[in-house]
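What follows is one structure encoded as structure tokens, with my remarks underneath.
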Amino acid sequence: MKCHAIPAVILAALPAGAPAQFVSAGPPADILAMPNQPSIAADRRDIRRSIREAQRTGDITRAEARSFRREDAAIGELGERFGQDGLSLSEEHELQVRTQALRGMVEARRVRGGRP
């Protein structure tokens, strides 16, 4: 009797575990694209345009423009690194926050003009 009980228990357990192994999971919720969000690439283009214009009009110095361009390049590199395996919501948010911070710094400096 003992000989038949052990294989019966093993056979009864196998079918219960098998379906769970073959279920394909979708992507995590935080990797799904966020619609209606402005493109970070478009925001960065606008910021670069604003930097060029501010430097041309004398609102920011050459050194300030260089600093802003470095920050823009850092955001671009971070975006490329994050984008290698798809952007998660937190990564997307990080890029948006950095982009908005850069935009704020450039615009604040433009409003003040050539004054320190």
Side-chain angles (χ1 to χ4, degrees):
M1 185 70 175
K2 287 185 182 180
C3 288
H4 298 294
I6 293 174
V9 170
I10 292 174
L11 287 175
L14 285 178
Q21 295 174 0
F22 298 109
V23 173
S24 66
D30 65 342
I31 293 183
L32 298 174
M34 294 172 47
N36 303 328
Q37 291 294 324
S39 163
I40 292 172
D43 281 349
R44 288 184 56 228
R45 273 192 304 274
D46 291 343
I47 292 168
R48 287 191 298 270
R49 188 177 310 120
S50 183
I51 293 169
R52 280 192 306 272
E53 180 66 21
Q55 187 179 4
R56 187 184 65 75
T57 60
D59 291 337
I60 63 174
T61 66
R62 189 171 161 190
E64 289 170 326
R66 189 178 320 118
S67 174
F68 291 146
R69 286 187 189 108
R70 278 192 202 119
E71 180 62 25
D72 175 63
I75 293 169
E77 289 172 10
L78 190 61
E80 286 179 17
R81 201 169 339 131
F82 285 167
Q84 288 176 350
D85 61 349
L87 287 177
S88 68
L89 286 178
S90 62
E91 291 169 338
E92 179 80 17
H93 186 262
E94 173 75 18
L95 293 174
Q96 287 175 348
V97 167
R98 285 178 176 251
T99 302
Q100 292 305 317
L102 178 59
R103 179 187 301 281
M105 290 187 299
V106 171
E107 292 305 318
R109 191 64 185 112
R110 286 190 76 181
V111 168
R112 289 192 344 204
R115 297 186 310 267

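Computed over heavy atoms, backbone and side chain alike; hydrogens, waters and symmetry mates excluded.
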(request) Starting at CD of Q96, measure out to CG of D43 and round the result to the nearest 0.5 Å. (result) 8.0 Å
(message) Just verifying a value: how many Å separate I40 CD1 and Q100 CD, rounded to the nearest 0.5 Å?
(response) 9.5 Å
(request) Check side chain to side chain donor-acceptor pair (under 3.5 Å) between R56 and all other residues, then give those that pass, not counting sequence neighbours. (result) E53
(message) Could you report the tightest heavy-atom contact between E64 and I60, atom names first, then the distance?
(response) OE1-CA, 3.2 Å
(request) Can you measure from CD (E107) to CD1 (I51) and round to the nearest 0.5 angstrom? (result) 9.5 Å
(message) So which atom in I47 and which in T99 form the shortest heavy-atom distance, rounded to 0.1 Å?
(response) CD1-O, 3.4 Å
(message) Measuring from atom CZ of R52 to atom CZ of R49, what distance do you get when rounded to the nearest 0.5 angstrom?
(response) 6.5 Å
(request) Decide yes or no for R62 and Q55: does some side-chain heavy atom of the first lie under 4.5 Å from some side-chain heavy atom of the second? (result) yes
(message) Within this structure, what is the CZ-OG1 distance for the pair R109 and T61, rounded to the nearest 0.5 Å?
(response) 6.5 Å
(request) Please answer whether the main-chain N or O of D72 pairs with a side-chain N or O of R44 as donor and acceptor at a distance below 3.5 Å. (result) yes
(request) Write down the atom of E91, the atom of G86, and the distance for their closest heavy-atom approach. (result) OE1-O, 3.4 Å
(request) Rounded to the nearest 0.5 Å, what's the gap from CD on E80 to CD on Q84? Could you check? (result) 8.0 Å
(request) Specify the closest pair of heavy atoms between V106 and S50, including all atoms of both residues, with the distance to one decimal. (result) CG1-OG, 3.6 Å
